[in-house]
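Working notes for the structure below.
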Amino acid sequence: MRFIFKTSYDQDIRLARHGGHVFWYGLLAAFLVVAPWAIDEYWLAQLTFVLIYGIVGLGLMLLAGFTGQFSIGHAAFLGAGAYTQGVLTNLGVPFPMALLAAAALSAAVGVVVALPALRVKGIYLGIATLSFGFIVEEVFARWESVTGGNAGLHVKPPQLFGWSLGSGNGFYFLCLVVAVLSTLGILNLLRSPTGRAFVAIRDSEISAQSMGIHLARYKTMSFAISAALAGLGGALYAHKLSFISPDQFNILQSIDLLLMVVIGGLGSVHGAFLGAIFLIAMPQLISMGKDWLPAVVGQAPGLQGLVYGVVLIAFVLFEPLGLYGRWLKIRTWLQLFPFYRKGLFKRQKSFTKSDRLR
Amino acid sequence: MTDVVLQLLNVESAYGPIKAIRGVSLKVRQGEIVTVLGSNGAGKTTILKTISGIIDPRKGSIEFQGKDITAKDPAHIVQQGLSHVPEGREVFPLLSVKDNLLMGAYTRKDRDGVARDMESVYAYFPILRERATQDAGLLSGGQQQMLAISRAIMAAPHLILLDEPSLGLSPKLTKEIFEIVVRINRERGTTILLVEQNANMALNASDHGYVLENGRIVMEDTCERLREKEDIKEFYLGVKDDGVRGERRWKKKKTWR
Amino acid sequence: QQQQGVGKDEIRIGTIQDLSGPLAGFGKQARNGMQLRVDELNEQGSINGRKLKLFVEDSGYDPKKAVLAAQKLVNQEKIFIMAGHIGTAQNMAAMPVQFEKNIVNFMPITAAREMYEPLNRLKYSFAATYYDQIRLALPKMIKEKGAKKVCTIYQDDEFGLEVQRGAEAGLKTAGMELAEKTSFKRGATDFSSQVAKMKAANCDLVVLGTIIRETIGTVGEARKTGFNPTFLGSSASYTDLIHKLGGKAMDGIYATMTVQNPYTDEQSQPLRFWANKYKTKFNEDPTVFSVYGYVIIDSFIKAAQKAGPNLTTDSFIKAMDSMTFEPDMFGSPKSSYTATKRLGNDQSRLSQIKDGKWVVVSDYVTP
Amino acid sequence: MTSSSDVLLSAKDLSVRFGGVLAVNKVSFDVRRGEVFTLIGPNGAGKTTVFNLISRIYTPTMGEITWHGEAAGPLALTQQAPHAIAALGIARTFQNIELFEHATVLHNLLIGRHTHRQTGFWSEVFFTPATRRAEVAAREKAEQVIDLLDLQHHRDSMVAGLPYGVRKVVELARALCTEPKLLLLDEPSSGLNVEETADMAFWIQDIQHELGVSVLMVEHDMSLVSKVSDRVLAMNMGEVLATGTPREVQADARVVEAYLGTVDDVSSLRRVA
Amino acid sequence: MQILQLLLSGIAQGCIYGLIALGFVLIYKATETVSFAQGDLMMLGAFGAFAGMSLFGLPFWLAALLAVVAMAAFGVLLELVVIRPILGQPQFSIVMLTIGIAYVARGLITMVPGIGTDTHTLPVPYKDQIWKLGELVVNLEQLAIIVATAILCALLFAMFRYSKLGIAMQASSQNQLAAYYMGIPVKRLNGLVWGLAAAVAAIAGMLLAPITFVHANMGFIGLKAFPAAVVGGFGSLPGAIVGGLVIGIVESFAGFYLPDGFKDTAPYIVVLLMLMIKPNGLFGEKLRKKV
Ligand SMILES: Nc1ncnc2c1ncn2[C@@H]1O[C@H](COP(=O)(O)OP(=O)(O)OP(=O)(O)O)[C@@H](O)[C@H]1O
Ligand SMILES: Nc1ncnc2c1ncn2[C@@H]1O[C@H](COP(=O)(O)OP(=O)(O)OP(=O)(O)O)[C@@H](O)[C@H]1O
Ligand SMILES: [Mg+2]
Ligand SMILES: [Mg+2]
């Protein structure tokens, strides 16, 4: 067990709380930097996807986990970023500019979505975002002169200072840099008044308001930041796939994104990346496991969906706090070892109250 | 003894790693009003919640009318004839006042009895009759408290657990509530376990009292005798306006530990 | 340098199918068809001493998963070739991964033009595109039926658009224009307003950019409201499910096709034999997708044989670029490939549902 | 008469109707600078509703609320957006406790500092030295309030697990963190025992005298009311019954009839042996 | 005439949405969760009836009855196994569970060899029958939906408004803790609700089968029923029907009079407009917390 004696307020504010943090995150950073040489190409591609989805997850986490606004149409922002990036890159706009434009345009779309979202909560908000997702998807499909419509859009590999980043390693580092910067930005935001305002809105709108928090402004801001991150992720996604089409940004994608943050652990920044790891690794694990099963089961179509569903159910049942929650428990257990008491993590009986009055 | 309605033996409950009550034993006899006093966070609410099955105790056992109800499903416990007026009202906010009362009588089958009791709670609290069709969530704090108490009465239980019934009630109504409690106790023979911050009222209305500190029972006696104790006077009764403490800011240490 | 995916005694073939998404049915059939041919070869012999090994990945019809699947097949399983990958967007997303490692994208199961255009030495495509099917068949139908007003209803995605564009191109050759075009979103179940629109436009020939349920839904709705134009679908609606599900109302509709549906009580003896063999092995009736899968592996085997014992991507391409495949028992036309012609053939036949069964009603339509 | 410069907040002819219920009916009162002004009245009298009108959760059907806290002159509160109220210097607590349950006590207090935010969005994203300084300053302020209200023990506990009484104090602390000119307290002593109520009385006096904050309070505990209030207004059924010093109001026959009853006589409760 | 026919098909389609939305509202009213599995329960119900008729050769009515009963039992079981263990957790967890259930249901059906990946017809006795009223064509399949929807709606409405059970269901959704304090068997009621919802889903599935066919992905039509429920006001049963009709009719007219693409987005545009004008839908009560 570690006890920290705080001697200054600054200590409360710092990102790394103690030497252990510095050590472990340093190790992680070191691994991420040498990864292209340490692991093979296939795993690196997976890692790249994890970073991309982690960025998107970070945005959704901010919105759903910290501000308490659930979006079932987040793929629309992903798409807005991807298309902006695709179109601009193909027009020859330099990569960094295109990336910023992608984030900015998605943020703008986020602000538009926030308009109806300001007045509604809960399931109504869910359906509002879902509807918006459908409409945006339709726009991608219909606005052929720009998006190429259903035929899709080829995206050229990114170029940075005349240096092509299309290939595995270069692109991986690009994603890594964007992911690290976004994470730091979000962490900073969360330890400042803006982040606290988000959390306040999540817990009680009425008292947030009476503390002087402008609900509309902060909700809109939350949507905008969230959308901007999704847009960034989308831009990288566009390059990674090098081909985008409207149906890649449909409701299933949105649900995947939502599942990602829930499984990762709502309300934690770690959760966004843990969820991304889950989302990307799961299908691979399933297809690896297939060969171990008898052919009737292993080769049957639908197995993937079944396993996916079962895992999701298992998570909600046994670890409602998601992967991050599980990790916290393991950590506490290790720290307490050998003094761990049995009932420590026993779940309390708990009871719900109407969400309609909040 | 057969006339013990409720008996707690060495009960221990916790919220996660935090123990809220430690080894609490208490007894409530048929037809009695028993009160539990204790400062903030002493664990009074936790005791009541443990009795009605909302929290499962870590240790110990709870017997109600001779049957073991330790860690049973709350709905099951209520059906045995125990009714709980929770801390913080807990009305059904989107149901009408009348439907709230009907839900109070959910476990009852006798329609006539329910109708009669409905009339009597309307008589206790006429405002509820006035607002019978209004959503309960829109009542004022005190009105919701009246509703919460009435709902428990509607269940016609053997034992009522009352958690701070006077919370947020006007002085006049506070007294009326206690009068009603005493009346129910006398007229219907309902046994009552009462948790209350208004110790003056509680000690006067009850037969037997327990004092709880930090999750442990530190004193137990008849109310008559409790009223005379110095510590009780000092910490719970306070007495009128300037109180015992008067303009003294420092606190005296409690002597029962 | 050692050629990836070709060992001393095995050749590794990869394929990506939809086994859990909206096309799970087709994906499974295509996989079974491929497996059937692979097993046949391995039982009866080998390709220059090498057996075939098929690696199947599931994309769930999701381009992102397709990329990862391709990564896995190419970099992990070290496949020699990618064959019969299903879905347009999925192929588009996966191809760069393959091309980076010099892996051929062999006969993907999608009739999109991007599968052979723009020219790439690693692309081979096999069946007439929906565009070509309709472009060629429509003028013939117009002439035969004396149609005055041609309309179209199409699925609002790349597939449907190809049909619609094919219809426009075909009409151009006949000097006509579409009188009405309506669309619907994938998964739609209600076609009443589209049909009402076409009825209001007095259409007498309707081009169907529909797949199965949509075909039945549209035709059914039309019949109910007393609207009876000539219906012409593409090979996407050429499946036995149309008449099995739609019943009598489906009689009379036309569809283009590239291979024949293998009915188990088929007239042609070899085809009947094949269909029953499939049925015994997989315990279900074969469909055109089973045939696609089978034919793709069959073509690969032929080309790989020709490439000789030193099988490399280059030698395979060299062999393919002078290949000609003769018509087979499934009724596919003769097809040929060169270094610049990467679509085997652009021809299709017309068939019509008569008495609850698809019947071939024309020979290959040539321009 | 009071000169108008003494008045901090004045309500004139306030009325609000919910469907058939006239919850507040032509209520007028002034809160003077530096005083503790208490609303009493039976349950459902409309006291909380008056608070809700001031903090703009409801809009009055009729009447005016004027705020004299601004140097620029009087301000019609009814024209303000709900979130602007805190910035003006009006903070409140809630009868049923509305804390941010999934945050620590310290965090709750820091949210109370929101109206004093000086940092911009981008400086927060990059966590510039200025942001860091602002954060440290916010914490210092919160710690002062923690010290004042003896909350040191609970600083890092989650609100969800705190006992009722402590939450009441945390709510008060959060409101104090906004550095208000006027503090609205809705039943600050409910759920507290005698000893804790005495603490509350001292705190309210400290807030009034040491911090110079005016207090508008709703309270049922008459011992607390008489101890800390400068003036009391009694309401019933949405209307004003009486205004005056605590003693005057408690002596008013109508107030006794509607609100106080015969509290001190507990003999009716005793069991006849 | 044209307009009437469009209106008619809009109404018919609207009733389909309404019927599915009814299931959403039922679950929502009684548990305050939104079930994303409703569409897939519907699919299971349809497959159930299909299995009864095709595999066991039962007559339609018997198969239908069996399917409804089986689905009700399945709903109860589902509640027991996956929902009860987390009863009391935030509602959102249960929403996630229903998404998981939907995946599992779809996956399981798809895995059934020879059946799962195919599309099937449900040979209902009134298949393909039409009534002609002058030039108007009324489809019997659609008529069945309209009638069934009306009956179901009335029954459920009565249950929630007048029966002790129905009120208790609402009570436990509003405040579970208090429901326990009242001795309401929250768990048992919850089981009942899920059973009921599954039964309603089965009925919807069978009524829908002649129109959409029976296949593993038929549940996706539920996505259009969400807008219907929201337009009506999510907690209101009559709202579900009216919302469904609004969506159906708008869709029908948008398909005919507006450019391509509007038919499919019209429901969503309607929802967004609705939420801007009347955030709680047509019949939704305006809720505000009293502090
Ligand atoms: N949900 C919870 N999670 C964690 N700890 C809790 C929780 N509820 C209560 N506690 C702790 O348990 C102890 C006893 O609380 P309880 O509510 O029983 O006190 P009480 O005597 O009823 O106090 P009050 O007079 O304020 O109502 C307190 O120390 C409190 O911090
Ligand atoms: N939003 C609302 N809709 C309908 N009625 C309301 C609403 N808010 C308050 N009321 C009614 O207005 C009256 C006054 O309520 P208020 O909460 O102001 O009472 P109060 O004086 O604070 O009482 P208490 O001491 O019990 O808290 C009550 O009868 C209540 O039912
Ligand atoms: Mg308590
Ligand atoms: Mg009040």
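All figures in this text were calculated on a predicted structure; none of them were measured in a lab. Excluded from the calculations below are hydrogen atoms, water molecules and symmetry mates; all remaining heavy atoms, backbone and side chain alike, are included. Quick note on labels: first sequence line is chain A, next is B, and so on, each numbered from 1.
Atom CG of B:L95 is separated from atom CD of E:Q174 by 4.0 Å, given to the nearest 0.5 angstrom. Atom OG of residue B:S96 and atom CD1 of residue E:I167 lie 7.5 Å apart, to the nearest 0.5 angstrom. Between the CG atom in B:L94 and the CD atom in E:E32 there is a gap of 7.0 Å [rounded to 0.5 Å]. We find the NZ-CZ distance between E:K164 and B:R108 to be 9.5 Å, quoted to the nearest 0.5 Å.
Across all non-hydrogen atoms, the minimal contact from E:A178 to B:E90 is CB-O, 3.1 Å. Residues B:A75 and E:P185 approach most closely at CB-CA, 3.8 Å, considering heavy atoms.
Counting only heavy atoms from C-beta outward, the side chains of E:L165 and B:Y106 approach each other to under 4.5 Å. E:Y180 places a side-chain heavy atom less than 4.5 Å from the side chain of B:I54. Contact of the E:I184 side chain with the B:M103 side chain is registered, since non-hydrogen atoms from C-beta on lie closer than 4.5 Å. The closest side-chain heavy-atom distance from B:F92 to E:Q170 is not below 4.5 Å. No side-chain heavy atom of E:Y181 sits under 4.5 Å from any side-chain heavy atom of B:S83.
Other residues, nucleotides and ligands place more than 12 heavy atoms under 6.0 Å from the NZ atom of B:K72. Within a 6.0 Å radius of CZ in B:R188, more than 12 heavy atoms belonging to other residues, nucleotides or ligands are found. E:K278 NZ: more than 12 foreign heavy atoms inside a 6.0 Å radius.
Neither the backbone nor the side chain of B:L161 has a heavy atom closer than 4.5 Å to any heavy atom of chain E. With a 4.5 angstrom heavy-atom cutoff, B:D73 touches chain E only via side-chain atoms. Interface remark: B:A105 contributes backbone atoms only to the contact with chain E (heavy atom separation under 4.5 Å). If you measure heavy-atom distances from B:V91 to chain E, the contacts under 4.5 Å come from the backbone alone.
Considering only heavy-atom pairs separated by less than 4.5 Å from chain E, the leading option among B:P86, B:P157, B:A148 is B:P86.
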